[in-house]
Amino acid sequence: MAQTNASPPSDFIREIIDEHLRSDRFQGRVATRFPPEPNGYLHIGHAKSVCLNFGIAAHYGGTCNLRMDDTDPSGESLEYVESIINDVRWLGFDWGDRLFFASDYFERLFQFAVQLIKAGKAYVCSLSADEIREQRGTLTEPGKESPYRNRPIEENLHLFERMRAGQFEDGAHVLRAKIDMASPNITMRDPVLYRIKRAAHYRTGTTWCIYPMYDFAHCLSDSIEKITHSICTLEFENNRPLYDWILDQLNVDCHPQQIEFARLNLSYTVLSKRRLIELVTKGYVTGWDDPRMPTLAGMRRRGYTPEAIRTFCARIGVAKNENLVDISLLEHCVREDLNEQAPRVMGVLRPLRVVIDNYPEGQREEFECPNHPQNPSMGVRRVPFSRVLYIDREDFQKNPPKKYYRLAPGREVRLRYSYIIKCVRMVEDTKTGEVIEVHCTYDPETRNGPPSDGHKVDGVIHWVSADHSVPAEVRLYDRLFPVADPMTKEDDFLKYLNPKSLETLSSCRVERGLLGAGPGSRYQFERLGYFCVDSVDSSEKALVFNRIVTLRDTWAKISEKEKR
RNA sequence: UGGGGUGUCGUCAAGCGGUAAGACACAGGUCUUUGGAACCUGGACUCGGAGGUUCGAAUCCUCCCACCCCAGCCA
């Protein structure tokens, strides 16, 4: 079971469970379940629920089932089932042999429905969908009772069997619970329990043409699996009376407690399956696993670690408040984990040629560089140095602004793990004025320490040897939306898509040692951020890196402030 | 104007009648061959508002206000 180094979580749900344990409500058992509908990929919001459900099971020594809530064949598929299984496992959780499908319960659910009909608690209604809607009433007015409400039990039974047998058109009849059309809770106004739907189910094929609704299937699936705590999101609060009503009428031996918590909202992105599907199908992203997506598949490809996501889920807490969690917390958790795990390496994103004039042509030497300055056990690597190097364009300025202490004409800078160099000349493009090459001299004394006269050189920049580095493509990702809450913009959230959410740099140079880096492996490019070998597009011949997250950039803040 | 929920720092979130945890973000600083990391420091004179109970209230009571959810044969 996955471990998280965060402080032991406690929340109102665990308090409720503690109380149940004290009162022996469930004979000391704790059984939860994570019940996704396989009609889309899991996202970070689901991760919160996964961590909660599996976390609680682990905390109390109970169990957590993985259950596909596949009661509506339209939109569900095996691809989604497989992705969900893969994602939950990747997140670090284990459900043993307890992978279940609501669709496996179809026969039993049907029998429960028959039982309900026999008890006079459900009836076949032959109103159209429109008529049912019209008669449901409004928020302030009660609904009208269906003319079919008092059909004899035998007739209901017969009709329901015929519904199952496929003797009616889609929508001709539905099975409804007989509760209270005047209930102030609209959910209780004779809710539909079964509908006729001639759609092939990805698992049951055409065996069924009637399918149970969520309210009917969910509580009974929970009961069948002997779940004790059925944890769901706030929007199901109104459904709890129905959840309880169905289980009460059927007199089942296991009646779980439904508990609702607030779903996660994350700033600068969207976390609704419908919106994510839209981004995918309309081609705004390359797929469910596009590294910009808040899906687990996307985050995995981007390079986020499961540990970081689990820590994040622990830190955001669980409560009933509507929330919009700042994405910087997620990024913080990712940096925190990667800072410890990721080996350091040097890479130049936008190369600027640097010639060390006083370094002998054809000479080459190697520096031993620690893979992690704070963790010697991660070892060292040898990085070649020569007369011609590349540095990042950002690390040289013709007219340096205040407080800039990188390379500039006449200035000195430390090449990380190497010499101090001084800029003596620059070559500009005669037409554009762009600096295309910088000439420096190096001080051979400074290989392992300060200059002999002891003067300070503040700037440290990263570099690679021109002849001893390898090319790479690097993909820089920015938030998908420039506004904190694109959802408040409702229907036209697509208008707020950040057109610059992906920037591809194709002429980067990285240490040659990276050539053997396996897909998915993560590194810190010193001073830049954390990068991950793309698992889809990278190859031995053509390295492709995804920028997972930048390092905290104090200089960006300073220069931003200076500009103002 | 029915019902169900929720309101504590910019954002999350503890707090459960004894005098406002923590995290992220932010702002200062120390240190530093990553302007990284680490480490220090600062911040709610107050808990949606107003009354009330109490020696004492974010916690209990009353009223008010704001926001979210519900009128799919989706989940």
Side-chain angles (χ1 to χ4, degrees), chain A residues 6-7 10-11 15 35-37 39 69 71-72 74-75 125 127-130 132-134 136-143 170-171 173-176 182-189 191-197 210-211 213-215 217-218 232-241 260 262 264 267 273-274 312 314-333 335-336 339-340 344 346 373-374 403-406 414-418 420 446 448-450 457-462 484 524-529 550-559:
Chain A
S7 56
S10 182
D11 51 67
E15 283 180 13
E37 184 188 9
N39 67 347
D69 206 0
T71 58
D72 178 5
S74 51
C125 180
L127 254 23
S128 70
D130 285 343
I132 287 179
R133 187 181 321 117
E134 283 161 22
R136 189 150 27 221
T138 68
L139 296 180
T140 52
E141 300 158 326
D170 285 14
H173 309 279
V174 290
L175 184 72
R176 289 229 255 170
S183 172
N185 179 351
I186 294 175
T187 307
M188 299 297 273
R189 318 239 262 232
V192 172
L193 266 24
Y194 266 90
R195 73 284 212 185
I196 302 173
K197 194 166 197 163
I210 60 171
Y211 293 96
M213 299 288 291
Y214 165 84
D215 287 305
H218 204 90
C232 63
T233 44
L234 248 27
E235 66 268 27
F236 291 102
E237 217 148 17
N238 293 321
N239 300 53
R240 176 151 36 97
E260 311 85 10
L264 168 69
S267 63
K273 228 182 255 183
R274 192 187 148 272
F312 170 75
R315 295 226 179 128
I316 57 177
V318 181
K320 298 187 76 159
N321 306 333
E322 282 295 332
N323 58 75
L324 180 62
V325 175
D326 197 328
I327 197 160
S328 66
L329 177 59
L330 211 210
E331 293 170 344
H332 167 82
C333 293
R335 282 193 194 101
E336 187 179 53
N339 177 46
E340 240 174 80
R344 272 58 175 175
M346 288 194 282
Q374 273 75 49
K403 295 186 181 174
Y404 183 86
Y405 51 82
R406 274 113 99 151
R414 159 81 66 182
L415 293 177
R416 170 129 254 225
Y417 298 130
S418 169
I420 289 172
T446 56
N448 283 313
V457 175
D458 278 331
V460 179
I461 66 174
H462 55 93
Q524 184 195 98
F525 287 8
E526 292 219 40
R527 302 207 312 130
L528 296 177
T550 61
L551 252 29
R552 259 186 71 228
D553 192 349
T554 310
W555 165 244
K557 275 176 200 160
I558 295 170
S559 61

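Note on naming: letters A, B, ... go to the chains in the order of the sequence lines (proteins, then strands), and numbering restarts at 1 for each one.
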S183(A) vs N185(A), side chain to side chain donor-acceptor pair (under 3.5 Å): CA-CA, chis, key distance, verdict = CA-CA 5 Å; S183(A) 172; N185(A) 179 351; 5.5 Å; no
Give me the distance, rounded to whole Å, that separates [N] from [M] when you measure between the [atom1] atoms they each carry.
{"N": "U59(B)", "M": "U53(B)", "atom1": "P", "result": "15 Å"}
{"N": "G51(B)", "M": "C73(B)", "atom1": "P", "result": "48 Å"}
{"N": "G42(B)", "M": "G36(B)", "atom1": "C1'", "result": "23 Å"}
{"N": "A38(B)", "M": "C31(B)", "atom1": "C1'", "result": "8 Å"}
{"N": "C9(B)", "M": "A21(B)", "atom1": "C1'", "result": "13 Å"}
{"N": "A71(B)", "M": "U11(B)", "atom1": "C1'", "result": "34 Å"}
{"N": "G10(B)", "M": "A27(B)", "atom1": "P", "result": "15 Å"}
{"N": "G29(B)", "M": "C63(B)", "atom1": "C1'", "result": "50 Å"}

Can you tell me which nucleotide in [options] comes closest to the side chain of [X]?
{"X": "R195(A)", "options": "C69(B), C74(B), G72(B)", "value": "C74(B)"}
{"X": "N238(A)", "options": "G36(B), G5(B), C70(B)", "value": "C70(B)"}
{"X": "N339(A)", "options": "C24(B), G35(B), A37(B)", "value": "A37(B)"}
{"X": "R136(A)", "options": "C70(B), G35(B), A71(B)", "value": "A71(B)"}
{"X": "E235(A)", "options": "G2(B), U11(B), C69(B)", "value": "C69(B)"}
{"X": "N323(A)", "options": "C70(B), U33(B), A13(B)", "value": "A13(B)"}
{"X": "S328(A)", "options": "C24(B), U34(B), A71(B)", "value": "C24(B)"}
{"X": "T187(A)", "options": "C74(B), G3(B), C70(B)", "value": "C70(B)"}
{"X": "I316(A)", "options": "U34(B), A75(B), C12(B)", "value": "C12(B)"}
{"X": "P184(A)", "options": "G15(B), G2(B), A25(B)", "value": "G2(B)"}

For the pair S267(A) (side chain) and I327(A) (backbone), establish whether a donor and an acceptor sit closer than 3.5 Å, ignoring hydrogens and angles.
->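 Yes, S267(A) side chain to I327(A) backbone: donor-acceptor pair under 3.5 Å.
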Suppose we define a pair by two distances each less than 3.5 Å, Watson-Crick or G-U wobble; what does [N] pair with here?
{"N": "C73(B)", "value": "none"}
{"N": "C63(B)", "value": "G49(B)"}
{"N": "A21(B)", "value": "none"}
{"N": "U34(B)", "value": "none"}
{"N": "C39(B)", "value": "G29(B)"}

NA contact type, [X], heavy-atom cut-off 4.0 Å: base, sugar-phosphate, or nothing?
{"X": "L127(A)", "value": "base"}
{"X": "R240(A)", "value": "nothing"}
{"X": "R416(A)", "value": "base"}
{"X": "T71(A)", "value": "sugar-phosphate"}
{"X": "E322(A)", "value": "sugar-phosphate"}
{"X": "A319(A)", "value": "sugar-phosphate"}

Glycosidic class, syn or anti, of C69(B) using a 90° window around 0 =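 C69(B): anti.
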Which label fits G49(B), syn or anti, where anti is any glycosidic angle not within 90° of 0?
->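 Here the answer is anti: the torsion falls beyond 90° from 0.
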For V325(A) and for K320(A), find the nucleotide of RNA chain B with the closest heavy atom, then tell me which residue's nucleotide is more 5'.
->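 Of the two residues, K320(A) wins.
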Upstream residue (5' side of RNA chain B) when N321(A) and Q524(A) are each assigned their closest nucleotide |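 The residue mapped nearer the 5' terminus is N321(A).
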Which atom of D69(A) lies closest to which atom of P35(A), heavy atoms considered |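 Residues D69(A) and P35(A), closest heavy atoms: CB-O, 3.6 Å.
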What do you reckon, do W555(A) and the base of G35(B) stack, with centroid distance below 5.5 Å and planes below 30°?
->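 By the stated criterion, W555(A) and G35(B) stack.
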Look at E237(A) together with K320(A) and state whether they make a salt bridge at an N to O cut-off of under 4.0 Å.
->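 Result for this pair is yes, salt bridge flagged.
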